[in-house]
Number of protein chains: 2
Amino acid sequence: MPRIRHERFDCSPGCTVEGALRYIDGKWKGVVLYHLFEGTMRFNEIRRRIPNCTQRMLTNQLRELETDGLIARKVYAQVPPKVEYSLTPRGRSLEPVITALKIWGDANVTLVPEVSQAAA
Amino acid sequence: MPRIRHERFDCSPGCTVEGALRYIDGKWKGVVLYHLFEGTMRFNEIRRRIPNCTQRMLTNQLRELETDGLIARKVYAQVPPKVEYSLTPRGRSLEPVITALKIWGDANVTLVPEVSQAAA
DNA sequence: CATGACGGTATCCTTTTCGACACTATGTGC
DNA sequence: GCACATAGTGTCGAAAAGGATACCGTCATG
């Protein structure tokens, strides 16, 4: 059931900020969009780029993004299934937002280098 | 207890996008920041600008923003308490992000005009 | 004396989110 | 005959987020 994350916004000015935020919060939506800016991608292609995201979560996020009209899902009626995801114009219009987030994140978020596996 | 929302980011590129997002998700953070760009404000001043946010939630969000180093909290030892909130440089550096969100939100989020009360 | 403004806390409860895991169908390769 | 790849779905349960409500002490005001 596609839940509604941006139900009512009858609050004061600045509220559209919250409204916009509702579209891209959710654990992996930011990254998914970020990767889709590179172009159309298949399900497992996205999945491989976000290894920490489980399959179920990825499906969920993609479904929500689709419901929100940010991405398009194209299913090919083939026998090894093939599904392609791409940005809609609306999704693409989020680029300045994602870019701003990327810039700020690069400057302010401390990435943890891949230690855990190697150091064991 | 200030929970940690941006614990580990050892995933692929684009992950800083998610990292940045973690700082500003949370129900009212976007709006709070947006209003604070106008200048230093007292608790109830912010509160009045975001009527749909309960006192408890506002306190929470402010505390988290403070913990994350985005805003500064200045308490005056007065008898009707006085507490001022303002952006830190780091918080101020989020301006492009919030601005991008505002622009996108203004264009894409349908605000519900204040019906409920008047139309009864 | 009661009330309200200030800036919160404390408590309780419901909803939402997220992660783990198993399971599905079909076709291909070995 | 078995495993693998594709793109998912279903179920379960823990944890977190969010909302409602009541309460706190102090001072000024009526």
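The figures that follow rest on heavy atoms only: side chains count, while hydrogens, waters and symmetry mates do not. Here the structure is a predicted model, which means the values were calculated and not measured. A note on names: the letters A, B, ... follow the listed sequences, proteins ahead of strands, and every chain is numbered from 1.
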(request) Measure the CD-NZ distance between B:Glu18 and A:Lys102 for me, rounded to the nearest 0.5 Å. (result) 13.0 Å
(request) For residues 34-45 of chain B, pull every pair meeting salt bridge (Lys or Arg N to Asp or Glu O under 4.0 Å), keeping only residues two or more places apart or in separate chains. (result) B:Glu38-B:Arg49
(request) Using atom CD1 of A:Ile46 as one end and atom P of D:dA7 as the other, report the distance to the nearest whole Å. (result) 9 Å
(request) Measure the distance from CG on A:Asn60 to C1' on C:dC18 and round it to the nearest whole Å. (result) 9 Å
(request) Take the protein atom OH of A:Tyr76 and the nucleotide atom P of C:dA25, then report the distance between them rounded to whole Å. (result) 26 Å
(request) Can you sort out the partners of B:Glu84 under salt bridge (charged side-chain N to carboxylate O under 4.0 Å, His left out), two or more places apart, ordered by chain and number? (result) B:Lys82
(request) Write down the distance between CG (A:Asp25) and P (C:dT16), rounded to a whole number of angstrom. (result) 14 Å
(request) Take the protein atom CZ of A:Arg22 and the nucleotide atom C1' of C:dT16, then report the distance between them rounded to whole Å. (result) 12 Å
(message) Please enumerate all residues that pass salt bridge (charged side-chain N to carboxylate O under 4.0 Å, His left out) together with B:Lys74, with sequence neighbours excluded.
(response) none
(request) Using whole Å, report how far CD of A:Gln78 lies from P of C:dG27. (result) 12 Å
(message) Run the side chain to side chain contact (heavy atoms under 4.5 Å, CB included) test against B:Arg47 and tell me which residues pass, sequence neighbours left out.
(response) B:Phe43, B:Asn44, B:Gln55, B:Leu58
(request) Nearest whole angstrom, please: distance from the P of D:dA7 to the CD of A:Gln61. (result) 18 Å
(request) State which residues pass side chain to side chain contact (heavy atoms under 4.5 Å, CB included) with B:Arg73; sequence neighbours excluded, sorted by chain then number. (result) B:Arg63, B:Glu66, B:Val75, B:Val83, B:Tyr85
(request) Return no unless some side-chain N or O of A:Trp28 is found under 4.0 Å from OP1 or OP2 of C:dT17. (result) no
(request) Mind grabbing the angle between the end helix axes of the helix from C:dC1-D:dG30 to C:dC30-D:dG1? Five pairs an end, 10° rounding. (result) 10°
(message) Among residues at least two apart in sequence or on other chains, which ones pass side chain to side chain contact (heavy atoms under 4.5 Å, CB included) with B:Val79?
(response) none
(message) I'd like to check the side chain to side chain donor-acceptor pair (under 3.5 Å) partners of A:Arg56; sequence neighbours left out, ordered by chain and number.
(response) none
(request) Figure out the CE/C1' separation between A:Met57 and D:dG10, and round it to whole Å. (result) 15 Å
For nucleotides 2-11 of chain C, list the nitrogen or oxygen atoms of the protein found under 3.5 Å from its nitrogen or oxygen atoms, one pair per line.
unit_1: C:dC6; atom_1: OP2; unit_2: B:Asn44; atom_2: ND2; d: 3.0
unit_1: C:dC6; atom_1: O5'; unit_2: B:Asn44; atom_2: ND2; d: 3.3
unit_1: C:dC6; atom_1: O3'; unit_2: B:Arg42; atom_2: NH2; d: 3.1
unit_1: C:dC6; atom_1: O3'; unit_2: B:Pro81; atom_2: O; d: 3.0
unit_1: C:dG7; atom_1: OP1; unit_2: B:Arg42; atom_2: NE; d: 3.0
unit_1: C:dG7; atom_1: OP1; unit_2: B:Arg42; atom_2: NH2; d: 2.9
unit_1: C:dG7; atom_1: OP1; unit_2: B:Val83; atom_2: N; d: 3.4
unit_1: C:dG7; atom_1: OP2; unit_2: B:Asn44; atom_2: N; d: 3.1
unit_1: C:dG7; atom_1: N7; unit_2: B:Gln55; atom_2: NE2; d: 3.1
unit_1: C:dG8; atom_1: OP1; unit_2: B:Arg63; atom_2: NH2; d: 3.4
unit_1: C:dG8; atom_1: OP1; unit_2: B:Arg73; atom_2: NE; d: 3.4
unit_1: C:dG8; atom_1: OP1; unit_2: B:Arg73; atom_2: NH2; d: 2.1
unit_1: C:dG8; atom_1: OP2; unit_2: B:Tyr85; atom_2: OH; d: 2.8
unit_1: C:dG8; atom_1: O3'; unit_2: B:Arg63; atom_2: NH2; d: 3.3
unit_1: C:dG8; atom_1: N7; unit_2: B:Gln55; atom_2: OE1; d: 2.7
unit_1: C:dG8; atom_1: N7; unit_2: B:Gln55; atom_2: NE2; d: 2.5
unit_1: C:dG8; atom_1: O6; unit_2: B:Gln55; atom_2: OE1; d: 3.0
unit_1: C:dT9; atom_1: OP1; unit_2: B:Arg63; atom_2: NH2; d: 2.8

(message) Among A:Lys29, A:Arg22, A:Lys27, exactly one meets salt bridge (charged side-chain N to carboxylate O under 4.0 Å, His left out) together with A:Asp25. Which residue is that?
(response) A:Arg22
